[in-house]
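Note that the structure is predicted; figures quoted are calculated from it, not measured. All values below were derived from every heavy atom in this structure, side-chain atoms included, with hydrogens, water molecules and symmetry-related copies excluded.
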Amino acid sequence: ISYQRKVERAADAAQALLVSLNETGGINWPRMEELTGKQATDLQAELRGRVYRNPEGSWETDDQYLSGDVRAKLRTGEAAATVDPVYRDNVEALKMVQPEDLPPSAIDARLGAPWVAPDDVRDFIATTLAVQASRVIVTYTEVTGDWMVRVDGSRSAGTVEATRTFGIPEMNGVALAELALNLQRPVVYVEIEPGKRGRDPEKTIAAEAAQQKLKDEFKRWLWTDGDRADRLARVYN
């Protein structure tokens, strides 16, 4: 391994920045002052548009600062700019990299997506399976990502929609919805002999088809109400 000679001088602020990034992995103003003989404020003026001070106080390069959750960064930058005008450059730069909002037609609304509130899932199940919304309880645990669906405390409902249209007698639409919310596929077991159960291929295929029908209906139903569509599109974006 050959010896790497320490850089003693940098011709300008841009070169000093490269040396700093190479040596420390970040923006080290004292080291850059040492390399150029210039004050940090002068270096910062030369590097305007290439480095940004975030409201937390640290400095970042443009590719680092203008990436990631730029929507949250813009909100933070706008708040900081009302107190200190130095952050106006941040705001203008962040506005340039904001992603365009997707319309509802371009959003993939998966059953179980965490940006869809449990109340919306409850309304979907109540409407689709023809059950009163007051009888349906849908909960989501953020820590584990687990969903639970109950109708009057049970994973079943006696409606035709639940047992035939979006389910099968052996696996109710409520149970299929809960499995879909948890990204699980249904498996139907039957007793093949006393005390022994096994997978029923035909009924499992039927349950999978009913679950897919339920998923497709969710993607359609979610955007049918204008107010709900606008609200969820804002949340998604």
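- Screening V83, V86, T76, D84 for a side-chain contact (heavy atoms from CB on, under 4.5 Å) with P55, the sole residue that qualifies is T76.
- L74 is listed as a side-chain neighbour of Q98, based on a closest heavy-atom distance under 4.5 Å.
- Note on L183: it does not cluster hydrophobically with W147, by side-chain heavy-atom contacts below 4.5 Å among ILVMFWY residues.
- A salt bridge links D108 and K219; the closest N-O separation between the charged side-chain nitrogens and carboxylate oxygens is under 4.0 Å.
- With hydrogens and angles disregarded, a donor-acceptor distance shorter than 3.5 Å links the side chain of N90 to the backbone of R53.
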### Task
Could you please spell out the steps behind the side-chain hydrogen bond (donor to acceptor under 3.5 Å, both in side chains) verdict for D63 and T61?
CA-CA 6 Å; D63 58 340; T61 58; 2.5 Å; yes
### Message
Show, in sequence, the C-alpha distance, side-chain angles and deciding distance for V190 and R197, and conclude whether the side chain to side chain contact (heavy atoms under 4.5 Å, CB included) test is met.
### Response
CA-CA 5 Å; V190 295; R197 300 173 73 240; over 6 Å; no
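- N237 places a side-chain N or O within donor-acceptor distance of the main-chain N or O of A233, the cut-off being under 3.5 Å.
- Side-chain contact between R9 and L35 is absent, with no heavy-atom pair separated by less than 4.5 Å.
- Y87 and N54 share no donor-acceptor pair across their side chains, judged by distance under 3.5 Å alone.
- The shortest non-hydrogen separation linking W223 to L232 is CZ3-CB, 4.0 Å.
- Taken from CZ in R48 to CG in L43, the straight-line distance is 15.5 Å, to the nearest 0.5 Å.
- Under a hydrophobic-cluster definition in which Ile, Leu, Val, Met, Phe, Trp and Tyr are linked whenever side-chain heavy atoms come within less than 4.5 Å, directly or via other members, L21 and M32 are assigned to the same cluster.
- No side-chain heavy atom of E142 sits less than 4.5 Å from a side-chain heavy atom of P114.
- In this structure, the side chain of T163 does not engage the main chain of G173 through any donor-acceptor pair within 3.5 Å.
- Counting all heavy atoms, side chain and backbone alike, R71 lies closest to P99 at NH2-O, 3.1 Å.
- Both V121 and V235 are assigned to one and the same hydrophobic cluster, defined by single-linkage of ILVMFWY side chains at heavy-atom distances under 4.5 Å.
- Note on W59: it does not cluster hydrophobically with L94, by side-chain heavy-atom contacts below 4.5 Å among ILVMFWY residues.
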### Task
Begin from the C-alpha positions of E23 and N28 and carry the test side chain to side chain contact (heavy atoms under 4.5 Å, CB included) through to its verdict.
CA-CA 9 Å; E23 291 181 350; N28 186 322; over 6 Å; no
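- Taking both residues in full, the closest heavy atoms of A157 and V151 are given as CB-CG1, 4.4 Å, listed atom of the first, atom of the second, then distance.
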### Message
With side chain to side chain contact (heavy atoms under 4.5 Å, CB included) as the criterion, how do V7 and R31 come out once you've worked through the C-alpha distance, each side chain's angles and the decisive distance to 0.1 Å?
### Response
CA-CA 10 Å; V7 178; R31 175 61 173 140; 4.3 Å; yes
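- Side-chain atoms of S20 do not come within 3.5 Å of backbone N or O of A16 as any donor-acceptor pair.
- By the 4.5 Å heavy-atom criterion applied to side chains, Q211 and E208 are not counted as neighbours.
- Atoms OG1 and CD, on T139 and E178 in that order, are 8.0 Å from each other to the nearest 0.5 Å.
- A distance of 10.0 Å separates OG in S156 from CZ in R150, rounded to the nearest 0.5 Å.
- Considering all non-hydrogen atoms of both residues, A109 and W115 come closest at CA-CZ2, 4.1 Å.
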### Task
Would you check, one step at a time, whether the test salt bridge (Lys or Arg N to Asp or Glu O under 4.0 Å) holds for R135 with D152?
CA-CA 5 Å; R135 297 175 55 200; D152 293 336; 2.6 Å; yes
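- Separation of atoms CD1 (I27) and OH (Y52) is listed at 11.5 Å; rounding is to 0.5 Å.
- Looking only at atom types and distance, the side chain of D216 has a donor-acceptor partner in the side chain of Q212 under 3.5 Å away.
- With T159 contributing its side chain and A162 its backbone, the two residues share a donor-acceptor pair below 3.5 Å.
- Both Y236 and Y140 belong to a single network of hydrophobic side chains, linked directly or stepwise wherever heavy atoms of I, L, V, M, F, W or Y lie under 4.5 Å apart.
- Of the possible polar contacts, one joining the E33 side chain to the A40 backbone as a donor-acceptor pair under 3.5 Å is found.
- Summarising the geometry, atom CG belonging to L181 is positioned 4.0 Å from atom CG belonging to L111; distances are rounded to the nearest 0.5 Å.
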### Task
Report the C-alpha separation of R228 and D119 in whole Å, then their side-chain angles, then the decisive distance to 0.1 Å, and conclude whether the salt bridge (Lys or Arg N to Asp or Glu O under 4.0 Å) test is met.
CA-CA 11 Å; R228 182 175 61 236; D119 285 351; over 6 Å; no
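- More than 12 heavy-atom neighbours from other residues, nucleotides or ligands sit within 6.0 angstrom of CZ on R231.
- Using a 4.5 Å cut-off on side-chain heavy atoms (C-beta onward), F124 and L222 make no contact.
- Considering only heavy atoms from C-beta on, V51 stays 4.5 Å or farther from Y65 through its side chain.
- Residues E78 and K95 are in side-chain contact: their nearest non-hydrogen atoms beyond the backbone lie under 4.5 Å apart.
- Considering only heavy atoms from C-beta on, F218 stays 4.5 Å or farther from K215 through its side chain.
- The 12-atom threshold is exceeded at CZ of R199, counting heavy atoms of other residues, nucleotides or ligands nearer than 6.0 Å.
- When atom types are taken as modelled, the side chain of T36 and the backbone of K38 share a donor-acceptor pair closer than 3.5 angstrom.
- Closest heavy-atom contact between E217 and R220: OE2-NH2, 2.6 Å.
- When atom types are taken as modelled, the side chain of D200 and the backbone of Y189 share no donor-acceptor pair closer than 3.5 angstrom.
- The minimum heavy-atom distance between A13 and E46, with the atom names listed, is CB-OE1, 3.4 Å.
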### Task
Walk me through it: do M148 and N182 pass the test side chain to side chain contact (heavy atoms under 4.5 Å, CB included)?
CA-CA 9 Å; M148 185 192 76; N182 290 296; over 6 Å; no
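- The CG atom of L179 sits 5.5 Å away from atom CZ of R155, with the distance rounded to the nearest 0.5 Å.
- Looking at T128, its side chain never comes within 3.5 Å of a backbone N or O of I125 through a donor-acceptor pair.
- Within the 3.5 Å criterion, the main-chain N or O of G195 finds a donor-acceptor partner in the side chain of E191.
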